[in-house]
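This report refers to the structure that appears directly beneath it.
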Amino acid sequence: MKQSDWNDRDIEKLVKKLPKIKDERKPESIYASISQQGEKQRHLKGKKIIPGLVAVAAILIFTLLSPALLQQSPLEESRSDQGASMMDESKDLQADKAVADREKRLSLYESMVEDAEVYTYGLISPEGVPVPVSVTKHLSDEDEWLDGYTELAKLIPEEDLSMEEFVPLEGTVSKGYRDDINFTLNGDQAYTGNSAMEYAFYYSLFYSFQGRGFDQLHLKDKDGNYPQFSGYGVLKKIELPKNAKQAFFVYSPNGLDHFLVPDNLEYEDLDSAVTAMNEAGSEFYESAIPEGLNVRVVEKGTYPIISFMNEVHLENMDETEALELIESLLLTARSFGYKQVMFENISEEEWDGFAFDAPIETPIAPNRITLQE
């Protein structure tokens, strides 16, 4: 039979032939079953909804509270500010100590100079001892090194330093051929005819220009003649070696002021010079090395090693005497061309700005002074 042949009467006959279905349950039982199914559906829907609500609520709470959590409490801010302040104060104290230590130095060091020019002048004590003192000056773009030399010579406080009136020297300084320099003496100069005066004049010039990049200093008088000295004879020029190879000693013109001065002798090597420093250089000089303290020098590599045979306790020494010990050795090493020195057997690793656990910078000039320009 095709579907299109179905009619109402046929359908009715088929329905009557179906078996009868009868629900034996009571109405109350059916209602209870329907109620239970409804409760289950509501329970399942609740389980699905509640976790989502909790997650959303947690996000909202975190969003609201996160600025407060991230923000420091006033107490924590105070502690942080105090810590930063203490660090700044510590840095300031370290900087102040470094400046104070530098101001104690007897000599002039490269780290002090920056972009200034260095000048050394040979002063003369009442006893006729030449004493080098060093200053710095910032030059203008138009000025030459010699301009600064002539200008500063007029400002050296010789009387305040317990020195004789000796500089500026009676003459004119000018640039010579290539790396040479000329000094023309005035007609009324008083540097010849007296051996002590000639010695002072010679080393006053030597201290001023040795180690400043000049090879020779040529001497003439205003008439173009070479000066005649009683001790040197006809003196045409003064040799200006790059390294003077001298030993440094302590000199006091009045028992109060102290200077580190070279003995003006040339030594074969640094060890020979340091050995000489263990002895008094002359009736005017004192050794900066304490009596009974033996010093050994090893010259290898780029810097020498200076070792004390007995352990040195700088803190137990007078501060000035300790500085004289260290700086006289450094100056002596510099006169042999060494820019650094390593010390051994000093108890302190650090003292007055010197760090003895590493090579130490040597001075570029002795007896640093400050001018009132």
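Nothing here was measured: the structure is a model prediction, and the numbers come from that model.
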Under 3.5 Å, is there a donor-acceptor pair linking the side chains of Glu127 and Tyr251?
yes

Measure the acute angle between the ring planes of Trp145 and Tyr149, then classify it against the limits of 30° and 60° as parallel, tilted or perpendicular.
parallel

For the atom pair CZ (Phe214) and CG (Leu217), what is the distance rounded to the nearest 0.5 Å?
9.0 Å

In this structure, is the centre-to-centre distance between the rings of Tyr232 and Tyr202 below 6.0 Å?
yes

Quick one, Thr192 and Met197 - any side-chain contact, counting heavy atoms below 4.5 Å?
no

Sub-3.5 Å donor-acceptor pair from the side chain of Gln210 to the main-chain atoms of Pro241, do we have one?
yes

Using modelled atom types only, decide if a donor and an acceptor are shared between the side chain of Asp221 and the backbone of Asp223 within a distance under 3.5 Å.
yes

In terms of heavy-atom contacts, Pro253 and Pro126 come closest through CB-CD, 4.5 Å

Side chain to side chain contact (heavy atoms under 4.5 Å, CB included) with Leu152: which of Val167, Thr136, Leu371?
Leu371

So which heavy atom on Ala322 is nearest to which on Trp351, and how close?
CB-CH2, 3.5 Å

Testing the basics here: between Ser328 and Phe248, what is the closest heavy-atom pair and its distance to 0.1 Å?
O-CB, 3.9 Å

Can you confirm whether Phe284 sits close enough to Val261 that some side-chain heavy atom of one is under 4.5 Å from a side-chain heavy atom of the other?
no

Joint hydrophobic cluster, Met112 plus Ile364, side-chain heavy atoms closer than 4.5 Å
yes

Between Lys137 and Glu151, does any NZ, NE, NH1 or NH2 come within less than 4.0 Å of an OD or OE carboxylate oxygen?
yes

Mind checking the CD1-CG spacing from Ile238 to Leu205? Nearest 0.5 Å is all I need.
5.0 Å

Crowding at CD, Glu268 (>12 non-hydrogen neighbours, <6.0 Å)
no

Please determine, by modelled atom types, if Thr120 and Ser134 share a side-chain donor-acceptor pair under 3.5 angstrom.
yes

Near Glu144 CD, under 6.0 Å, is it more than 12 heavy atoms from other residues, nucleotides or ligands?
no

Does a side-chain heavy-atom distance below 4.5 Å link Glu344 with Ile305?
yes

Could you tell me whether the side chain of Asn254 and the main chain of Asp257 form a donor-acceptor pair under 3.5 Å?
yes

Atom NZ of Lys222: over 12 foreign heavy atoms under 6.0 Å:
no

Looking at side-chain heavy atoms only, is the closest gap between Val250 and Ser287 below 4.5 Å?
no

Polar side chain donor-acceptor pair, Gln246 to Ser335, under 3.5 angstrom
no

Rounded to the nearest 0.5 Å, how far does OH of Tyr121 lie from OG of Ser204?
10.0 Å

Say whether Asn345 and Ser307, considering side chains only, have a donor N or O and an acceptor N or O under 3.5 Å apart.
no

Side chain proximity check, Tyr207 to Pro262, heavy atoms < 4.5 angstrom
yes

Are Leu293 and Leu314 linked, directly or through other ILVMFWY residues, by side chains that come within less than 4.5 angstrom of each other?
yes

Can you hop from Tyr303 to Phe308 via hydrophobic side chains spaced under 4.5 Å?
no

Judged by modelled atom types alone, do Gln340 and Thr362 share a side-chain donor-acceptor pair under 3.5 Å?
no

Does a salt bridge link Arg105 with Glu103, judged by any charged N lying under 4.0 Å from a carboxylate O?
no

Applying a strict under-4.5 Å side-chain criterion to I, L, V, M, F, W and Y, I'd like to know whether Leu155 and Tyr119 cluster together.
yes

How many angstroms lie between CZ in Arg178 and CD in Gln216, if you round to the nearest 0.5 Å?
12.0 Å

Nearest heavy-atom neighbours spanning Ala273 and Thr332
CB-CG2, 3.8 Å

Same cluster for Phe354 and Met342 if Ile/Leu/Val/Met/Phe/Trp/Tyr side chains link at under 4.5 Å?
no

State which residues pass side chain to side chain contact (heavy atoms under 4.5 Å, CB included) with Tyr338; sequence neighbours excluded, sorted by chain then number.
Leu270, Glu299, Pro304, Ala333, Phe336

Polar side-chain atom of Ser125 near backbone of Met163 as donor-acceptor pair, under 3.5 Å:
no

Glu349, CD: over 12 other non-hydrogen atoms inside 6.0 angstrom:
no

Evaluate side-chain contact (heavy atoms from CB on, under 4.5 Å) for Asn182 paired with Val173, printing each intermediate quantity in order.
CA-CA 6 Å; Asn182 299 326; Val173 180; over 6 Å; no

Please test Phe343 against Ile360 for side-chain contact (heavy atoms from CB on, under 4.5 Å), starting from the C-alpha separation and ending with a verdict.
CA-CA 8 Å; Phe343 285 98; Ile360 292 177; 3.9 Å; yes

For Met317 against Pro290, the heavy-atom pair lying closest together
CE-CG, 4.0 Å

Looking at side-chain heavy atoms only, is the closest gap between Val118 and Val113 below 4.5 Å?
yes

Supply the atom-to-atom distance Ile369 CD1 to Ile156 CD1, rounded to the nearest 0.5 angstrom.
4.5 Å

With a 3.5 Å cut-off and no angle check, do the side chains of Tyr199 and Asn194 form a donor-acceptor pair?
no

So, Glu327 and Tyr109: side-chain donor and acceptor under 3.5 Å apart, yes or no?
yes

Taking only Lys NZ, Arg NE, NH1 and NH2, and the carboxylate oxygens of Asp or Glu, determine whether Glu319 and Lys104 approach each other closer than 4.0 Å.
yes

Main-chain N/O of Pro366 paired with Ser107 side-chain donor or acceptor, under 3.5 Å
no

Step by step, work out the side-chain contact (heavy atoms from CB on, under 4.5 Å) result for His258 and Glu324.
CA-CA 9 Å; His258 291 79; Glu324 291 171 349; 3.4 Å; yes

Is there side-chain contact between Ile289 and Val295, with at least one heavy-atom pair below 4.5 Å?
yes

Apply side-chain contact (heavy atoms from CB on, under 4.5 Å) to the pair Glu361 and Lys339, showing each step before the final yes or no.
CA-CA 6 Å; Glu361 171 192 14; Lys339 294 185 178 181; over 6 Å; no

Would Lys236 and Tyr226 count as a cation-pi pair here, with the cationic atom under 6.0 angstrom from the ring centre and within 45° of the axis?
yes

With distance as the sole test, does Asn367 use its side chain to make a donor-acceptor pair with the main-chain N or O of Phe259 at under 3.5 Å?
no

For the residue pair Ala244 and Glu266, what are the closest heavy atoms and their distance?
O-CG, 4.0 Å

Using 30° and 60° as the class limits, which term best fits the ring planes of Phe201 and Tyr191: parallel, tilted or perpendicular?
parallel

Using 0.5 Å steps for rounding, measure from the CG atom of Leu146 to the CD atom of Glu117.
10.5 Å

Note, Glu165 side chain near Glu159 side chain (heavy atom, < 4.5 Å)
no

